[in-house]
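Both counts, for ligands and for their atoms, begin at 1 and track the order of listing.
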Amino acid sequence: MDENILNPNPIGKIIEEEEEFHHLNNPVLGLKPIVKKYLGSVTDVKEAGNKFFFTDSEARVEVTVVTDEIIRVRLAPHGVFLEEFSYAVPKHDQKAVVFSLHQDENEYRVSTNTVNCHIRKIDFHISFSDTQDHVTSQDSVPMHWEENTQFGGYYVFGTKVCHHDEAFYGLGDKASDLNLRGRRFKNWNTDAYSFGWNQDPLYRSIPFYISLNEGIAHGIFFDNTFKATFDFGAEDRTKTSFWADGGELQYYYIHGPHMMDVVKRYHLLTGTHPMPPLWALGYHQCRWSYYPETKVMSVAKGFRTNQIPCDGIYLDIDYMDGYRCFTWNRKYFPDPKKMIKELAADGFKTVVIIDPGIRVDDNYSVFKEGKEKRYFCRRCDDYFMEGHVWPGRCQFPDFTNPEVREWWGGLFDELVQLGVAGVWNDMNEPAVFGAGTFPDDVRHQYDGFRGSHRKAHNVYGMQMVRATYEGLRKLMKNKRPFTITRAGYSGLQRYASVWTGDNVASWEHLRLGNIQCQRLSMSGVPFCGTDIGGFSGEPDGELFTRWIQFGAFSPFMRAHSAGDTKEREPWSFGEPYTAINRKFIELRYRLLPYMYSTFWEHHRYGFPILRPVVLQEQDVLTNQARQDEFTYGDKILVCPVMEPGQTSRPVYLPKGQWYNFWTNEIAQGGGEIMVPTPLETIPVFIKAGAVLPEYPIMQYVGEKEIEEVKLNVYYADHEVNSFLFEDYGETFAYEQDIYLEKKFIVNGKNNLVTIEQTMEGLYTPRYENYHFRLIGLPFAPTKIIVDGKTITDFVLTEDKCYEFKFSKNFKHIEILK
Ligand code: GLC
């Protein structure tokens with residue numbers, strides 16, 4: 001046990017000083033000053049089911065055993081807790097957990113099979129330890145609060161001990177180094193056009209961080225939607241603090257010890273992304289804006305004539321009539337149904353933008369209906385919340401009202417009838433020109449737990465895209481909708497993908513985008529990407545190509561650009577760029593089955609899609625600061641090139657053996673190697689033992705019937721597991737177990753390699769055979785036996801791989817020397 005736990009309150013003195021300070025500055029003599037209040041000594045405890053209520057005779061602290069590894073702590077300054085409600089954590093069935101309460105002279109201890117939560121009697125310090133009594137997290141001062149006289153309620157504060165070498169990750173959307181140590185951040189969704197390094201806050205609020213100290217990780221999820229601040233040793237390097245301008249001090253302690261465990265458990269609370277339609281993992285082309293129709297069609301044609309794969313094409317705000325949502329500009333788009341049908345016939349799925357601002361216009365049906373039904377947000381004195389956005393003067397639906405969400409969802413009917421496949425929700429921080437966002441006094445229904453904009457601001461965008469997603473899901477029947485949002489709060493992953501907003505065409509932003517995607521991925525927002533090429537400004541061919549190369553390994557791959565920039569399609573920069581862009585977009589399509597399987601791993605098991613190296617090797621101290629390399633799933637390591645003219649760069653490979661994807665050369669992990677980076681490639685390495693499934697190159701998902709799946713088997717001298725997930729790719733049948741989850745176990749020796757396959761699920765793919773490609777075999781095989789049958793027609797390819805075909809239903813393969 002940590003000695004601090006037994007020390008008497010080291011901050012008692014500080015509290016006294018603070019009280020004194022406030023007295024001196026209090027101009028109204030005799031009036032009790034408003035000061036920060038701290039919990040006193042614990043005087044009593046009560047037990048109720050999986051909850052324990054501790055009190056210092058006035059305030060109460062609730063400790064809830066959520067699972068063996070997750071404990072929730074709540075504070076009620078005057079003993080009365082707020083009614084429980086969270087947009088982030090949907091109610092889930094309580095799993096039966098064994099727990100107990102003990103006490104001794106110094107502390108109470110709530111214990112599960114893996115975690116102890118200690119409540120120190122003398123000063124209410126709360127700490128957590130594992131079964132070896134290793135303290136993972138501890139209060140530096142007791143939880144505290146300050147009354148908010150203007151709005152009521154309290155500013156609430158938690159402060160933990162920050163250790164010398166402790167590193168911090170997460171928070172989803174911060175434009176800073178991956179390790180957040182030494183910095184302070186705010187969560188307040190903000191339209192941050194052309195944001196810069198360390199600019200804060202940005203578009204989304206994810207109040208979840210992971211601490212890594214001495215190789216042991218834990219997470220804190222501060223589920224509070226008010227404006228919140230996190231300080232990771234910035235003000236005082238011995239303290240990590242988080243506080244909010246209202247609401248409850250409510251946080252979940254999430255046990256590790258591995259960072260990956262913490263991320264998975266965070267998903268247990270907030271949910272995972274539903275399976276996207278397979279096409280959404282393809283390439284998307286966007287611009288502000290492609291119009292009129294002839295322009296859209298010529299861009300689409302450009303992809304097919306240049307033979308560059310593309311699945312998604314976007315209509316930005318100019319497709320609407322005066323930027324009125326759910327309308328069409330008939331001059332630019334006389335027959336949207338016909339256009340969308342023609343696009344679909346050529347493999348393009350049309351995605352349209354929908355913003356929250358509804359133009360104040362009594363001749364506009366959406367406004368009229370919203371007004372009649374009183375669905376728009378109002379100020380404290382009942383005036384409507386009005387502000388300027390693209391359409392001019394607008395009012396804004398209160399998406400925190402379930403009835404409004406239902407109405408909003410239904411508005412997509414016509415777009416769905418027209419064949420629209422996806423919806424892009426933008427400006428939903430919410431953004432208002434001039435003012436930035438709504439004033440604090442705007443009221444929200446908040447699913448019956450009414451509140452002002454102070455409480456609803458950070459969830460507004462998430463509830464908008466929730467309404468969109470749920471509406472589309474109903475309207476599209478059994479088809480998976482594709483949705484993308486700019487703003488959000490923890491749990492948004494249940495409804496949408498995200499992009500990092502209005503970035504800039506600069507090398508610095510490419511570097512930033514790489515960090516942002518890794519960070520979003522480990523903060524529960526897996527389906528993320530950047531505006532490839534940069535939204536504002538002009539990339540040159542080299543920057544655009546390097547960005548496409550990075551984008552090929554972003555979970556969401558979309559090029560987008562502002563209206564005042566030059567053309568920005570993958571062929572816009574001429575050769576050699578076009579050919580390289582094509583090669584990388586093609587690579588994306590070849591890797592689709594791997595990427596889709598990784599998505600399944602996320603959806604079903606809560607793994608992040610992108611994984612910074614520190615997430616995989618947290619015990620290596622130098623990994624704490626690494627932020628260039630990441631893996632996509634656990635088999636492909638990528639290191640983007642983020643400097644102009646770079647011809648080689650160092651790449652860190654985690655321990656083990658890795659294959660250079662381009663040359664099949666084997667590299668030893670556990671250190672840095674120099675890798676050539678001519679414009680044609682970026683460093684990509686495949687983990688030894690991996691089975692990498694591959695599709696033939698297609699111009700769009702579904703262009704061709706898949707006749708066989710290539711399985712690239714990378715030799716390893718030990719056992720390695722890989723997955724392949726298959727299903728219809730566009731329906732929700734997977735929720736009824738209509739899918740196939742295949743596991744491959746590869747095991748290599750000097751004279752023998754075995755590959756085993758097991759399957760789970762009820763789906764039957766239409767192709768018959770696998771096309772095996774054996775890479776890195778240390779011997780020339782004489783015999784290949786599959787399920788007892790000897791194969792003789794295997795071939796040696798020019799690049800020294802052995803290839804053969806066999807039924808997709810094989811169980812066991814032996815490759816013998
Ligand atoms: C915002 C979005 C951008 C979009 C533009 C016009 O700036 O972030 O992606 O193109 O609005 O709708």
Side-chain angles (χ1 to χ4, degrees), residues 173 175 189-196 199 201-204 284-291 295-296 299 312-329 332-333 350-359 387-392 394 396 415 420 422-437 460-461 464-465 468 482-488 492 496-505 509 512-513 516-517 520 528-539 547 551 554 556-569:
D173 199 22
N189 293 356
T190 302
D191 176 4
Y193 173 77
S194 290
F195 56 92
Q199 186 174 321
L202 300 182
Y203 302 89
R204 283 162 284 274
H284 301 229
Q285 183 68 37
C286 187
R287 179 158 174 85
W288 176 17
S289 304
Y290 287 132
Y291 72 93
K295 178 68 190 176
V296 180
V299 171
I313 194 146
Y314 284 59
L315 301 181
D316 204 330
I317 48 176
D318 298 284
Y319 80 89
M320 303 179 211
D321 174 16
Y323 307 131
R324 289 171 187 82
C325 291
F326 307 103
T327 66
W328 288 84
N329 180 322
Y332 298 150
F333 297 95
T350 306
V351 181
V352 298
I353 196 167
I354 290 285
D355 290 351
I358 300 298
R359 189 185 159 94
H388 281 257
V389 222
W390 306 120
C394 285
F396 303 82
L415 288 172
V420 162
V423 174
W424 168 22
N425 281 164
D426 187 22
M427 306 290 279
N428 52 354
E429 292 71 32
V432 177
F433 294 159
T437 189
Y460 186 85
M464 177 190 185
V465 80
T468 303
F482 168 73
T483 40
I484 176 163
T485 180
R486 198 169 70 173
L492 79 90
S497 62
V498 304
W499 89 106
T500 58
D502 295 341
N503 61 358
V504 180
H509 261 270
L512 201 49
Q516 284 180 292
C517 287
L520 281 163
C528 55
T530 56
D531 280 353
I532 292 175
F535 180 69
S536 61
E538 300 288 355
W547 214 314
S554 297
F556 173 62
M557 186 184 191
R558 181 184 78 161
H560 182 39
S561 49
D564 57 354
T565 58
K566 291 189 203 135
E567 310 249 285
R568 195 81 72 73
E569 288 79 43

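Considering NE2 of His284 and OG of Ser497, their distance stands at 7.5 Å, rounded to 0.5 Å. Note that the CG atom of Asp531 and the CZ atom of Arg287 stand 11.5 Å from one another [nearest 0.5 Å]. Of the inter-residue distances, the one linking His509 atom NE2 with Ser536 atom OG reads 7.5 Å to the nearest 0.5 angstrom. Interatomic distance, SG of Cys325 versus CH2 of Trp390, reported as 12.5 Å (0.5 Å rounding).
Using bins of under 30°, 30° to 60° and over 60° for the plane-to-plane angle, the ring pair Trp499/Trp424 lands in the perpendicular bin.
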Protein N/O near ligand 1 N/O, under 3.5 Å, which pairs?
from	atom 1	to	atom 2	distance (Å)
ligand 1	7 (O)	Asp502	OD1	3.4
ligand 1	7 (O)	Asp502	OD2	2.7
ligand 1	8 (O)	Arg486	NH1	2.8
ligand 1	8 (O)	Asp502	OD1	2.5
ligand 1	8 (O)	Asp502	OD2	3.3
ligand 1	9 (O)	His560	NE2	2.9
ligand 1	10 (O)	Asp316	OD2	2.5
ligand 1	10 (O)	His560	NE2	2.9
ligand 1	11 (O)	Asp426	OD2	3.0
ligand 1	12 (O)	Asp316	OD1	2.6

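The local environment of CD in Glu567 is sparse, with at most 12 non-hydrogen atoms from other residues, nucleotides or ligands closer than 6.0 Å.
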